[in-house]
Amino acid sequence: METKVFKPAEVAAAAKLIQAGELVAFPTETVYGLGADATNVTAVKQVYQAKGRPSDNPLIVHVADVATVERFAKPLSIAAKKLIKAFWPGPLTMIFNLKPAALAPEVTGGLATAAFRNPNNAATLSLIREAGTPIVGPSANTSGKPSPTTAQHVLHDLDGKIAGILDDGATQVGVESTVLDLSGKQPAILRPGAVTASEIEAVIGEKVMTEQHHVGATEVPKAPGMKYKHYAPDAQVYIVDHLEDWPAALAWAGKQSVQMGVMATDAILTSNQIPANCEQFSLGDDVQSASRELFAGLRHFDTETKIKDILCQAFDSTGLGAAYMNRLNKSAGQTHFRV
Ligand code: TXA
Ligand code: MG
């Protein structure tokens with residue numbers, strides 16, 4: 001199959017493909033998604049096939065308005081309405097209880113809940129409106145690989161497997177949306193993203209459980225790379241935890257007999273001696289730019305320069321840093337450079 005690339009002005013043609021049950025990748029403010037009509041079971045099944053994704057992992061339903069959520073979900077709580085008002089459109093996905101049989105088990109993984117998201121991208125909001133149906137969208141990468149932040153990344157993984165891509169350039173946030181579970185008694189963050197726990201707490205005036213509370217007690221830091229291999233490039237990633245570790249990390253890299261990749265801010269790249277066998281990838285100035293560039297950097301070393309070992313900078317796990325470190329830890333399989 002030929003994968004057609006559509007500009008935002010050609011959204012009507014992309015919407016026709018969605019209506020015809022085809023797969024079309026779409027831009028959001030976070031990462032590119034792999035879109036299909038959420039009410040077409042055959043199309044939804046193809047999403048899992050194209051990605052190679054386990055079929056019990058539920059999909060996010062992307063909507064252009066709240067009315068569509070209310071069609072499928074049980075009546076929204078006051079907290080949910082406040083969060084919608086504060087953060088939609090934007091990088092906050094919310095999980096709601098569904099009306100009975102409102103969505104196919106292929107969408108929900110057989111759960112009585114579903115995740116809803118109103119992405120902040122004008123072209124994709126018109127795609128959903130023109131198609132006249134909500135659109136499921138996992139990240140548009142091969143399962144297990146870093147999420148795509150450009151249409152080129154999508155093509156690398158899915159060219160010939162999907163009908164089209166709506167290309168709106170590079171995404172702005174770079175890490176996937178915050179996933180907030182509002183289906184139980186206490187709101188819980190299942191995946192950290194650009195909308196932080198404290199921002200959510202400030203809006204709803206209620207404590208939010210964070211990922212640490214769910215998995216902290218059962219984490220086994222001594223088993224790197226086993227249960228955490230998501231967002232995993234072909235290369236081995238070594239996390240450099242502290243700014244003061246960089247001279248030792250770079251000295252170690254310089255002694256290796258292979259080409260090494262180095263992902264760090266400009267401040268680190270300019271203030272340290274970078275050995276000749278190290279290829280640099282700039283993470284910009286701060287945690288915002290680093291989050292935007294993280295997946296692009298991992299993909300760059302995998303596909304363009306075929307580098308097998310990467311040193312990558314850590315940030316404080318606060319604010320957006322919680323999302324950045326969540327993705328980096330998974331990419332690295334919890335492997336750290338130790339001085
Ligand atoms: O930023 C994003 O969220 C991107 C863009 C394309 O919107 N999408 C995305 O989708 O990251 P995906 O499928 O790669 O990640 C969705 C996450 C998965 O970890 C999935 O298990 C979880 O949300 N999820 C979806 N529905 C759920 C549900 N009903 N209960 C619990 N977790 C759910
Ligand atoms: Mg994903």
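Numbering of ligands and ligand atoms starts at 1, following listing order.
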Handout entry: Flag, side chain of K161 to backbone of T3, donor-acceptor distance under 3.5 Å
Key = no

Problem - Nearest atoms (heavy-atom pairs only) where Q19 meets A131 - result: NE2-O, 3.2 Å

Problem - Test applied, side-chain hydrogen bond (donor to acceptor under 3.5 Å, both in side chains); reference residue, T28; option that passes from H62, Q172, R117 - result: R117

Problem - Shortest protein contact, atom 14 (O) of ligand 1 (heavy atom only) - result: S139 OG, 3.1 Å

Practice task
Going by the salt bridge (Lys or Arg N to Asp or Glu O under 4.0 Å) test, name the single residue among K51, K145, R299 that passes it with D157.
Solution key: R299

Problem - Contacting atoms of ligand 1, where contact means under 4.0 angstrom from a heavy atom of L111 - result: 28 (C), 29 (N), 30 (N)

Would you mind writing out the side-chain donor-acceptor pairs for residues 241-250 within the sub-3.5 Å range, not counting sequence neighbours?
residue : atom : partner : partner atom : Å
D241    : OD1  : H336    : ND1          : 3.0
D241    : OD2  : H336    : ND1          : 2.8
H242    : ND1  : D245    : OD2          : 3.1
D245    : OD2  : H242    : N            : 3.3

Problem - Polar side chain donor-acceptor pair, E176 to S139, under 3.5 angstrom - result: no

Problem - Heteroatom proximity flag, T108 to ligand 1, N/O under 3.5 Å - result: no

Completion exercise
Here the Mg ion (ligand 2) sees protein N, O or S atoms within less than 2.8 Å, and their number is 1

Handout entry: N/O donor-acceptor pair under 3.5 Å between T210 side chain and I189 backbone
Key = no

Completion exercise
One should read off an interatomic distance between L158 CG and I165 CD1, to the nearest 0.5 angstrom, of 7.5 Å

Fill in the blank from the handout: min-distance protein heavy atom vs atom 11 (O) of ligand 1 -> R191 NH1, 3.0 Å

Exercise for the section: Kindly say whether T318 contributes a backbone atom to a donor-acceptor pair with the side chain of D316 at under 3.5 angstrom? Expected result: no

Exercise for the section: Name the orientation class of the two ring planes belonging to F337 and W252 (parallel below 30°, tilted from 30 to 60°, perpendicular beyond 60°). Expected result: tilted

Exercise for the section: Considering heavy atoms of the protein only, find what lies nearest to atom 23 (O) of ligand 1 and give residue, atom and distance to 0.1 Å. Expected result: V179 CG2, 4.0 Å

Completion exercise
So for L190 against ligand 1, with non-hydrogen atoms under 4.0 Å, the contacting part is side chain

Practice task
Between R53 and ligand 1, find which residue part has any heavy-atom pair under 4.0 Å and reply side chain, backbone, both or neither.
Solution key: side chain

Handout entry: Minimum non-hydrogen distance to atom 16 (C) of ligand 1, winning option of I60, T28, T30
Key = I60

Exercise for the section: List the closest protein heavy-atom neighbour of atom 21 (O) of ligand 1: residue, atom name, distance to the nearest 0.1 Å. Expected result: N57 OD1, 2.6 Å

Handout entry: Residue pair T124, I135: steps toward the side chain to side chain contact (heavy atoms under 4.5 Å, CB included) verdict
Key = CA-CA 10 Å; T124 287; I135 292 179; over 6 Å; no

Problem - Heavy atoms from other residues, nucleotides or ligands near NZ of K308 exceed 12 (cutoff 6.0 Å) - result: yes

Practice task
Return a yes/no value for R117: is any of its N or O atoms, backbone included, closer than 3.5 angstrom to an N or O of ligand 1?
Solution key: yes

Handout entry: Closest approach of any protein heavy atom to atom 8 (N) of ligand 1, naming residue and atom
Key = G137 O, 3.6 Å

Practice task
Check ligand 1 against E176 and write out every atom of the ligand that is under 4.0 Å from a heavy-atom position of the residue.
Solution key: 1 (O), 2 (C), 11 (O)

Handout entry: Proximal candidate to atom 27 (C) of ligand 1 [heavy atom criterion; set A140, A194, S183, P58]
Key = P58

Handout entry: H62 N/O to ligand 1 N/O under 3.5 Å
Key = yes

Problem - Non-hydrogen atom of A114 closer than 4.0 Å to ligand 1 - result: yes

Problem - Nearest-neighbour protein heavy atom for atom 28 (C) of ligand 1, which is reported as residue plus atom name and distance - result: I95 CD1, 3.6 Å

Problem - Enumerated ligand 1 atoms positioned under 4.0 Å from heavy atoms of G33 - result: 6 (C)

Handout entry: Shortest protein heavy-atom distance from atom 29 (N) of ligand 1, along with the residue and atom involved
Key = T113 OG1, 3.1 Å

Handout entry: Step-by-step side chain to side chain contact (heavy atoms under 4.5 Å, CB included) determination, V240 to Q313
Key = CA-CA 5 Å; V240 181; Q313 182 177 347; 5.7 Å; no

Exercise for the section: For the pair F281 and H300, name the ring-plane relationship: parallel under 30°, tilted 30 to 60°, perpendicular over 60°. Expected result: tilted

Exercise for the section: Give a yes or no answer on whether the side chain of S126 reaches the backbone of A122 with a donor-acceptor pair at less than 3.5 Å. Expected result: yes

Completion exercise
The closest protein heavy-atom partner of atom 3 (O) of ligand 1 is S177 OG, 2.5 Å

